[in-house]
Amino acid sequence: MFKHLFRFDLLPGCISMMVQFNSDMFSILWFSVGVSAIAAAIAAAIGVPLGIFLGMKEFKGKIVIVNITNSFMGFPPVVMGVIVYLFLSSAGPLGFLHLLYTPTAIIIAQSLLCIPIISGITISAVTNHNKKIAETTLALGGSRWDIYENVFSENLIQILSGIMVGFGQSISEVGASLIVGGNISYYTQTMTTAIVTYTQMGRPDLALSLGLILITASFFIILTLTFIQMKNRKR
Amino acid sequence: MATIDEIRIEQVCFSYDNKLVLKDVTLTAKKGRITAILGPNGAGKTTLFKVLDLLLVPTAGHILSGNKDILAFSSVEATEWRRSIAFVLQEPYLFNLTVKKNIAVPLSMRKLPQSEIDQRVQETIDTFGLKEIAEKKTHKLSSGERKRVGLARALITRPGLLILDEPTASIDPETCYMIEKLLLNKRSEGKTIILMSTHDMFQAKRIADDAGLLHKGVLVEFGPKSRFFDSPRNDLTRRFVNGEILIDHDPSSPS
């Protein structure tokens, strides 16, 4: 009966395709990982300091800003794709940059999706102990800068988790990449947009094997990052 | 090492949320002496110490070190002040590092050469008997060990003024004895002002030179230990040293 629920007949083909893992597949995977890693890195460079700042500073309206950040953590990628599209299209305010349907456009959209995730997780990590860390740092003769440094290093494990979640969001996201990247073969096609294409082309076997490769690759990348995190814990 | 001969706290007031936490607190702590501030929880001891460490800004008063009012310090001078003294919080926050690295933190924040840091860390580990736990991560320490590490980390900078908030609260008698001995050794060196809070009257009797009773933000009595314990002038102090628990008493009303 399971035969009707799942196309097991596709599996042997899938696996042989995965084993062959041709250069086209490799270049799509490499592109996806590269774009998502750059997007996560850019988002971390903005989201981590922003999260530390928001987590530590007390000001009027902080709750509103933190709530907005948290609700943006679940921002639909497709909607982000449309917004970035409108900005980058030739009629849009940034149309003169001619970035639509380029890898840069995908990086921009993915970074924007990642920033609230990374800063949101950083805020919740930092809020925990920041007062004690700040007080202790000052009492030990530290400067304001030392406070930020210590809050960062004391919460590094959670901050790294945030970056991992951001990377996971980027590499699995399809809507925004499709809209602003245009799914151009050998140029802006990512693993996820390729999966969509192959499914629509009536090649679910190919789509499934790409999916399995994507899952395997993300698994190993996250595993590596987790090892880095664990090493940090033992510091 | 920074030397401070005496620290004069003059009529310091602090209020928070329209509530007066410290009311006209005046006292002098001197080099080579242990000054103990007694009082129940919520009396304002921690607040007073945070004001001294310039972590809180008082609403009124002066704190004089030599002829300088530390409350008028710029932020750069405030950092310099904090670097010349040491303040150990009741539950010292230890960084997620080994004991050894924690102890080195104040020195590396002062950008001292690594060779000097290593040497002083080693000395401190020996003095405080922390050799066995030097490589341990701090989350694996007992509360007594945490207190000792907190104290070691503060004393490594050789401060002119050492402020200790309940240094022996909730720890075993053995560690308590060890900490008291360390403080007495520090006192006998004669270079440091030691200001501590405690709600253990017997501890104050054992190690302090001067004692004061802070109750509901008011320093009801302050003076040499012998006078404080043997012939207190204030009725509240008398009751306190006789072992009475002070609750719901307004110290500003005549007693």
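Please read these numbers as outputs of a predicted model, since none were measured by experiment. Every chain is numbered from 1, with letters handed out A, B, ... down the list of sequences.
- Using non-hydrogen atoms only and a strict 4.5 Å limit, the part of residues 136-152 of chain A facing chain B consists of A/Thr136, A/Thr137, A/Leu138, A/Ala139, A/Leu140, A/Gly141, A/Gly142, A/Asp146, A/Asn150.
- Of the atoms belonging to B/Ile156, not a single heavy atom falls under 4.5 Å from chain A.
- Contacts between residues 35-48 of chain B and chain A, counted as heavy-atom pairs separated by less than 4.5 Å, involve no residue at all.
- Around the CZ atom of A/Phe59, the shell of radius 6.0 Å holds more than 12 heavy atoms that belong to other residues, nucleotides or ligands.
- Looking at A/Glu154 and B/Phe95, their side chains come closer than 4.5 Å, going by heavy atoms from C-beta outward.
- The number of heavy-atom neighbours closer than 6.0 Å to CZ of A/Phe220, taken from other residues, nucleotides and ligands shown, is 12 or below.
- At most 12 non-hydrogen atoms from other residues, nucleotides or ligands lie less than 6.0 angstrom from OH of A/Tyr85.
- Here the side chain of A/Lys132 pairs no donor or acceptor atom with the backbone of B/Pro92 at under 3.5 angstrom.
- A/Leu223 CG: more than 12 foreign heavy atoms inside a 6.0 Å radius.
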Under 3.5 Å, sequence neighbours excluded: what are the donor-acceptor pairs made by side chains of residues 165-179 of chain A?
unit_1   : atom_1 : unit_2   : atom_2 : d
A/Ser170 : OG     : A/Gly166 : O      : 3.2
A/Ser172 : OG     : A/Gly168 : O      : 2.7
A/Ser172 : OG     : A/Gln169 : O      : 3.3
A/Glu173 : OE1    : A/Gln110 : NE2    : 3.1
A/Glu173 : OE1    : A/Ser177 : OG     : 2.7
A/Glu173 : OE2    : A/Gly175 : N      : 3.2
A/Glu173 : OE2    : A/Ala176 : N      : 2.5
A/Glu173 : OE2    : A/Ser177 : N      : 3.0
A/Ser177 : OG     : A/Gln110 : NE2    : 3.3

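- To the nearest 0.5 Å, atom CG of residue B/Asn96 and atom OG of residue A/Ser153 are 8.5 Å apart.
- Of the two parts of B/Glu80, neither the backbone nor the side chain holds a non-hydrogen atom closer than 4.5 Å to a non-hydrogen atom of chain A.
- Within a 6.0 Å sphere centred on NZ of B/Lys31, heavy atoms belonging to other residues, nucleotides or ligands number more than 12.
- For residues 107-127 of chain B, a heavy-atom distance under 4.5 Å to chain A picks out B/Met109, B/Arg110, given by residue number.
- Residue A/Lys62 places its NZ atom among more than 12 non-hydrogen atoms of other residues, nucleotides or ligands, all under 6.0 Å distant.
- Taking a 6.0 Å sphere around CD of B/Glu91, one finds it holds 12 or fewer heavy atoms contributed by other residues, nucleotides or ligands.
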